[in-house]
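First up is the structure itself, then whatever we jot down about it.
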2 protein chains.
Amino acid sequence: MQRSPDIDDAPSLATLGPAARGVVRALLLGGPLTRAELARRLGLSPASLTKTARPLLVSGLISEGAALVSEQRGRPGAPLVLDAARHQFIGVKLTADEVFAVRADARGRVDVSQSVQIESTEVTAVVAEIVAIVNEIGGDHRIQALGIGLAGEQTRFDDTVRRNHYLGWDQVPLAQLVEEATGIPTVLSGDARALTAGVQWSGPGKGMSELAVLTVGVGIGLGIVLEDKVLSGPSGLVGMIGHHRISDSGPLCELGHRGCASSYLTTAAITAAIGVPHGRVDIDLAQGCALAADGDPVARRVLADAGRALGVIIAQLVNILGLPAVILAGDGLELLSYAEDSMQAALAEHLDPVARRPKVVAFTSGFDEWARGAAVVACQWLLDPPRHRYTRP
Amino acid sequence: MQRSPDIDDAPSLATLGPAARGVVRALLLGGPLTRAELARRLGLSPASLTKTARPLLVSGLISEGAALVSEQRGRPGAPLVLDAARHQFIGVKLTADEVFAVRADARGRVDVSQSVQIESTEVTAVVAEIVAIVNEIGGDHRIQALGIGLAGEQTRFDDTVRRNHYLGWDQVPLAQLVEEATGIPTVLSGDARALTAGVQWSGPGKGMSELAVLTVGVGIGLGIVLEDKVLSGPSGLVGMIGHHRISDSGPLCELGHRGCASSYLTTAAITAAIGVPHGRVDIDLAQGCALAADGDPVARRVLADAGRALGVIIAQLVNILGLPAVILAGDGLELLSYAEDSMQAALAEHLDPVARRPKVVAFTSGFDEWARGAAVVACQWLLDPPRHRYTRP
DNA sequence: CGCTATTACTTGACATGGTGAACGAAAAAG
DNA sequence: CTTTTTCGTTCACCATGTCAAGTAATAGCG
């Protein structure tokens with residue numbers, strides 16, 4: 001080819017074979033790597049890497065960097081460099097009253113983010129809002145894929161919104177609708193799954209093959225990673241941990257459960273529990289934490305109870321699945337400031353005596369993390385090796 | 001070694017390539033199948049099946065049966081038949097005081113079983129006992145592989161016994177020791193994992209891609225199947241559910257937990273809970289159930305509480321993992337007779353409102369089911385596609 | 001300086017497992 | 001007897017991966 005590869009001239013990741021995708025994935029996760037190192041990580045022979053890397057090099061998708069200063073004895077390897085910024089993705093977090101979108105590169109680094117309130121949850125209106133924000137945020141960039149995260153029962157790399165309580169939708173082929181309007185390949189994802197994918201791809205869980213992401217905020221969410229894959233379950237109904245009973249006594253949740261996780265941990269539950277004894281209904285979580293900081297016994301107790309609930313849930317997860325790490329996220333994470341001790345105590349108490357204590361990490365992030373996760377899902381979707389299913393003509 | 005070229009001359013399953021293994025696995029699970037049906041189940045083209053089946057046919061590993069009476073319109077397919085009985089496996093369940101072994105075919109059908117008490121848990125003594133029982137039970141049959149199940153933290157297709165509380169072992173290369181003494185390829189497995197494999201391969205969970213097996217007896221065990229694979233976790237520590245707290249009040253378990261699962265569900269806990277109020281220490285589970293049948297209020301209450309504990313655990317599993325089915329097993333299962341109602345009630349109460357209610361199946365079986373599971377693991381191990389990891393010379 | 005050990009990469013022959021397209025075979029339906 | 005439908009085969013071809021042998025570049029060392 002004569003002309004130098006223009007910036008948007010690189011082939012789409014979707015056209016690559018499974019072997020090349022594996023290399024791209026490893027380069028995205030591991031920065032520049034030599035062929036030898038790639039071969040080791042992917043469990044392939046050096047010969048395979050020579051063969052797989054060549055077409056990627058000639059197509060301009062990756063390039064060969066200067067050899068590093070050698071620490072080894074032998075011939076230094078030539079690092080293969082993948083410019084992640086040349087592969088842009090858009091992630092959308094869809095709720096019943098807002099569309100939040102980010103544009104991120106293949107490593108999940110966010111470039112732009114934007115949000116818009118929506119008035120109607122009617123399908124065509126929502127699709128129009130998504131299309132508008134995607135076009136705006138996409139700008140001139142070529143977008144490889146679009147991921148949409150929403151609360152509900154989505155399976156892995158889904159395309160249809162099944163019965164969705166929040167939006168009032170049922171069997172809406174949202175991916176197809178958006179794809180037709182934007183021309184960008186689109187995939188749906190449960191929001192907890194998306195957040196978890198983001199955390200594991202390029203967040204605090206990067207490189208961990210097994211972990212759970214537990215979110216607190218309006219509700220309680222859970223995403224589980226096993227063997228490097230985010231669990232989706234056959235029906236997409238996974239991680240419904242919000243109403244696990246923590247104790248026999250305790251507050252009531254909105255479903256009438258006494259002492260369930262939601263009754264201890266949702267932001268509404270915490271602010272109510274702190275506000276009511278003080279005769280105040282307008283307290284928010286920050287104020288509640290401030291009260292605890294001032295030594296207010298009610299706030300202290302409520303947050304300690306919340307921490308205890310967190311600890312119990314973490315212990316259950318680790319007992320059942322043997323997870324080495326649990327990451328806490330969500331906008332209700334503020335509560336941890338005065339809940340961490342009781343969380344750790346409850347974790348220690350409820351962990352099985354032979355289970356290993358997991359690493360518990362608090363991951364403070366903005367709301368865009370949900371949309372970023374959706375972008376990561378879109379990227380993982382493109383890189384997912386086509387699952388070799390013959391379909392008869 | 002010289003062998004008469006008779007029926008046992010078929011090639012070992014271990015020599016097959018991944019494609020052929022897939023066909024064999026499908027034939028083991030699905031009885032005789034035509035090439036067309038195999039192609040559909042494996043997601044392959046008809047051409048692939050012709051190619052893959054041929055060497056299996058000429059080697060005699062499978063044969064072509066007579067065409068079935070046709071219900072379809074077109075040409076009837078020729079079913080491919082695999083004689084599972086020609087592939088024998090041995091499964092061993094190892095405890096601190098007993099070695100229990102079965103010989104089963106590749107479909108997990110048990111032919112012979114035998115057990116022996118062991119006096120010493122010294123490694124060489126135990127290995128000798130295993131070798132003796134394997135040789136005896138193996139007879140003249142060619143044994144494809146040997147699986148050993150034991151309580152402890154074994155990873156998937158393990159070969160070393162790590163720190164094992166029951167046997168007092170640490171870092172014992174048991175698989176290698178037995179393999180050297182018997183000449184049979186040997187693999188280790190956690191006992192819950194083995195039981196679960198047996199249940200899903202050819203037990204009541206046959207064909208289910210997602211399920212959990214919950215055992216009650218001396219302890220509480222848990223095995224989880226996700227996407228057709230039994231979960232093992234990175235460290236082999238999975239399913240440590242025995243000390244999950246069920247209620248704040250309740251009996252004490254041997255670790256001092258009040259109201260944990262073990263305190264409600266182990267056979268010892270139940271018999272003690274029934275026996276003590278009656279001033280009897282020698283009650284066994286059957287007698288306890290008999291008392292309940294006679295209307296004894298203590299026994300009724302204890303069994304109802306046990307059922308409630310079961311229901312809570314099942315609900316937790318289903319909430320977290322979205323499992324469509326849970327299978328109950330173990331020698332303590334007798335308790336279900338007067339515990340099922342409370343179990344169902346607790347399950348309904350603790351299940352998340354949006355989660356789907358799982359099928360709960362009681363699977364009554366003998367102790368040989370544990371060893372049978374180990375034999376199934378051995379078979380699955382042989383059929384596991386060599387996981388394509390290049391190892392440098 | 002040149003030799004050796006070590007590590008990185010390439011080359012080409014080959015194996016495996018997969019596909020599509022064209023075709024032949026056997027049954028039911030009409 | 002023809003059509004339809006489904007099953008199975010053949011053959012050319014592709015993608016991925018290995019092995020064995022060789023080339024390339026570096027550090028260490030006499």
Side-chain angles (χ1 to χ4, degrees), chain A residues 11 14-26 32-59 62-81 385-393, chain B residues 15-26 32-59 62-81 385-393:
Chain A
T15 64
L16 302 175
R21 288 177 197 212
V23 170
V24 168
R25 192 184 301 111
L33 294 170
T34 66
R35 292 174 180 78
E37 183 56 29
L38 278 167
R40 282 186 290 265
R41 297 202 184 185
L42 298 172
L44 297 173
S45 68
S48 290
L49 251 109
T50 296
K51 214 198 288 200
T52 309
R54 178 157 1 263
L56 292 174
L57 281 164
V58 305
S59 75
I62 64 176
S63 55
E64 221 163 25
L68 304 166
V69 275
S70 61
E71 298 128 14
Q72 298 278 19
R73 281 251 291 155
R75 166 179 171 179
L80 301 179
V81 186
R387 58 188 175 293
H388 205 75
R389 300 241 93 212
Y390 170 83
T391 47
R392 59 179 162 189
Chain B
T15 64
L16 303 174
R21 289 177 197 213
V23 169
V24 168
R25 192 185 299 112
L33 294 169
T34 66
R35 292 174 180 77
E37 183 55 29
L38 278 167
R40 281 187 290 264
R41 297 201 184 187
L42 297 172
L44 297 174
S45 67
S48 289
L49 251 108
T50 296
K51 214 197 294 199
T52 309
R54 170 136 27 246
L56 291 175
L57 281 164
V58 305
S59 76
I62 64 177
S63 55
E64 222 163 24
L68 304 166
V69 276
S70 61
E71 298 128 14
Q72 298 277 18
R73 281 252 289 157
R75 164 179 172 179
L80 300 179
V81 186
R387 58 188 178 297
H388 205 74
R389 301 240 92 215
Y390 169 84
T391 46
R392 59 181 164 185

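Fair warning: this is a prediction, and the values are worked out from it, not measured in the lab. Every chain is numbered from 1, with letters handed out A, B, ... down the list of sequences. For the numbers below, each heavy atom of this structure counts, side chains included, while hydrogens, waters and symmetry mates do not.
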Select base, sugar-phosphate, or nothing to describe what [X] touches, counting heavy atoms under 4.0 Å on all strands.
X	result
A36(A)	sugar-phosphate
L49(A)	nothing
A67(B)	nothing
A47(B)	base

Open item on the list: On the side chain of R75(A), is there an atom forming a donor-acceptor pair with the base of dA8(C) - under 3.5 Å, no angle test?
Closed with: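 For R75(A), whose side chain was compared with the base of dA8(C), there is a donor-acceptor pair (under 3.5 Å).
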
- [ ] Identify, between R35(B) and T52(A), the residue whose nearest nucleotide on DNA chain D lies closer to the 5' end.
- [x]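 Here R35(B) is the residue nearer the 5' end.
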
Task: Which residue lies more 5' along DNA chain D, comparing P79(B) with R73(B) via nearest heavy atoms - done: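 Mapping each residue to its closest nucleotide by heavy atoms, the 5'-most match is R73(B).
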
Open item on the list: For L16(A), is there any backbone N or O sitting under 3.5 Å from a side-chain donor or acceptor partner on R21(A)?
Closed with: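 It does hold such a pair.
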
From [X] atom [atom1] to [Y] atom [atom2], the distance as rounded to the nearest 0.5 Å:
X	Y	atom1	atom2	value
L42(A)	R35(A)	CG	CZ	13.5 Å
R40(A)	T391(B)	CZ	OG1	14.0 Å
L33(A)	L49(A)	CG	CG	10.0 Å

If only side-chain N and O atoms of [X] are considered, is one of them under 4.0 Å from the OP1 or OP2 phosphate oxygen of [N]?
X	N	result
S48(A)	dT18(D)	yes
S45(A)	dT18(D)	yes
R40(B)	dC7(D)	yes

In whole angstrom, what separates [X]'s [atom1] from [N]'s [atom2]?
X	N	atom1	atom2	result
L33(B)	dC7(D)	CG	C1'	14 Å
L80(A)	dC9(C)	CG	C1'	11 Å
E37(B)	dG8(D)	CD	P	10 Å
K51(A)	dT16(C)	NZ	P	15 Å
L42(A)	dT18(D)	CG	P	11 Å
R54(A)	dT11(C)	CZ	P	5 Å
L16(A)	dA15(D)	CG	P	12 Å
E64(A)	dA8(C)	CD	P	14 Å

Open item on the list: Nearest to the side chain of T50(A), heavy atoms from C-beta on, is which of dT18(D), dC9(C), dG17(C)?
Closed with: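 That would be dC9(C).
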
Task: Residue Q72(A), side-chain heavy atoms: nucleotide from dT7(C), dG8(D), dC19(D) that is nearest - done: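 Given the options dT7(C), dG8(D), dC19(D), the side chain of Q72(A) is closest to dT7(C).
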
Task: Upstream residue (5' side of DNA chain C) when P46(A) and A19(B) are each assigned their closest nucleotide - done: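 So the residue in question is P46(A).
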
- [ ] Could you please spell out the steps behind the side chain to side chain contact (heavy atoms under 4.5 Å, CB included) verdict for V81(B) and E64(B)?
- [x] CA-CA 6 Å; V81(B) 186; E64(B) 222 163 24; over 6 Å; no

